[in-house]
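The structure appears right after this line, and notes come after that.
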Amino acid sequence: MSTQNPGPPDQPDSGGTPPVFGSGGHPVGEPRPGRMARQEPGVTQPRPPTVGEARARDKARKQAEEAQRAAAAAAEEKKRNRKRVMIGGVAIVGVAALVGGGYLAYRAITAPDQVTASCVQIDENGQEVVVPDDKCGEGQANFRSEGSSSGGHGGGLLILGWPQYRYHYGGTPTIGKPPTGGTSVKPRNAEIKTKTGTTVQRGGLGSKSTGGSSGS
């Protein structure tokens with residue numbers, strides 16, 4: 001009597017090779033699902049850059065340095081241009097001030113002084129009092145001109161009679177009161193007029209007295 005080992009039970013043919021599982025129950029030959037590694041500060045070391053990353057970083061660094069140098073050069077050029085403009089403006093103002101100052105100095109030297117004359121009355125005792133301007137001037141009675149101590153009529157004081165009249169120059173004249181300040185000596189080369197507009201002497205070098213003629 002022969003004994004036969006029974007074979008494995010019949011299994012349905014699925015038409016493929018059944019999967020083989022490895023350790024952990026994952027099928028061998030199939031990709032494992034991804035997992036996230038935990039990073040700890042001070043423990044986990046950064047991954048060194050690849051060659052491509054290193055080149056990109058170096059290129060970006062060079063571009064940043066070039067941009068920084070270009071910005072610095074532009075700022076320096078702008079600063080120089082502003083300085084040139086300021087220096088040019090100061091030079092123009094200086095020239096204008098010099099020309100203006102020279103003109104004012106020239107005018108101060110050449111322009112005649114302006115003096116106001118007032119008419120004063122002199123009595124027999126030599127007392128003076130300011131009177132209206134129409135009492136003075138060539139042709140007025142008892143007017144004492146500058147050319148003579150006795151008057152413009154060529155005679156002495158007695159010939160002129162009293163009271164006599166003459167001009168007083170400068171000061172603070174008040175009609176009815178003695179003149180305050182000023183002088184009885186006519187200033188040379190000065191332009192002299194009365195308050196009423198009568199020209200006593202035209203100003204400038206070589207000026208000549210008009211003797212109190214009316215003018216502008």
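A donor-acceptor pair under 3.5 Å links the side-chain atoms of E53 to the main chain of T50, judged by distance alone. Judged by distance alone, the side chain of D123 and the main-chain N or O of N125 form a donor-acceptor pair under 3.5 Å. The closest donor-acceptor contact from the side chain of T174 to the backbone of K177 lies at 3.5 Å or more, if one exists at all. Listed for the T199 side chain is no donor-acceptor partner under 3.5 Å among the backbone atoms of Q201.
Side-chain contact between I122 and P163 is absent, with no heavy atoms from C-beta onward closer than 4.5 Å. Looking only at side-chain heavy atoms (C-beta outward), Y169 and S184 stay at 4.5 Å or farther from each other. The shortest side-chain heavy-atom distance between Q63 and E65 does not fall under the 4.5 Å cut-off.
Taking OG1 of T196 as the reference point, atom CG of D134 lies at 8.0 Å (rounded to 0.5 Å). With rounding to the nearest 0.5 angstrom, the CZ atom of R202 is 15.0 Å from the CG atom of N189. The distance from atom NZ of K79 to atom CZ of R84, rounded to the nearest 0.5 Å, is 13.0 Å.
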**OP:** Might you work through the side-chain contact (heavy atoms from CB on, under 4.5 Å) test for S118 and K195, ending with a clear yes or no?
**Re:** CA-CA 7 Å; S118 56; K195 286 186 176 181; over 6 Å; no
**OP:** List the steps and the verdict of salt bridge (charged side-chain N to carboxylate O under 4.0 Å, His left out) for R80 and E77.
**Re:** CA-CA 5 Å; R80 286 196 297 267; E77 182 65 20; 2.4 Å; yes
**OP:** Would you check, one step at a time, whether the test side-chain contact (heavy atoms from CB on, under 4.5 Å) holds for Y167 with K186?
**Re:** CA-CA 8 Å; Y167 281 119; K186 180 185 293 184; over 6 Å; no
Subject >> H168 vs V130, side-chain contact (heavy atoms from CB on, under 4.5 Å): CA-CA, chis, key distance, verdict >> reply: CA-CA 9 Å; H168 189 84; V130 179; over 6 Å; no
Original post:
After noting the C-alpha distance and the side-chain angles of Q140 and Y165, does the key distance pass the side-chain contact (heavy atoms from CB on, under 4.5 Å) rule?
Top reply: CA-CA 9 Å; Q140 300 297 330; Y165 303 92; over 6 Å; no
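In terms of heavy-atom proximity, V120 sits nearest to P179 at CG1-CG, 4.0 Å. Heavy atoms only, all atoms of each residue included: A117 and V200 are closest at CB-CG2, 4.1 Å. Scanning all heavy atoms of the two residues, the minimum distance from E124 to W162 falls at CG-CG, 3.3 Å. Considering every non-hydrogen atom in both P173 and G170, the closest pair reads CD-O, 4.4 Å.
Heavy-atom neighbours of Q68 CD from other residues, nucleotides or ligands within 6.0 Å: at or below the threshold of 12.
Remark: E66 engages no residue in a salt bridge (Lys or Arg N to Asp or Glu O under 4.0 Å) (not counting sequence neighbours). In this view, E128 and R166 satisfy the side chain to side chain donor-acceptor pair (under 3.5 Å) rule, not counting sequence neighbours.
Salt bridge R61/D58: present, at least one basic N to carboxylate O contact under 4.0 Å.
Exactly one residue among I175, V131, T194 makes a side chain to side chain contact (heavy atoms under 4.5 Å, CB included) with C119. That residue is V131.
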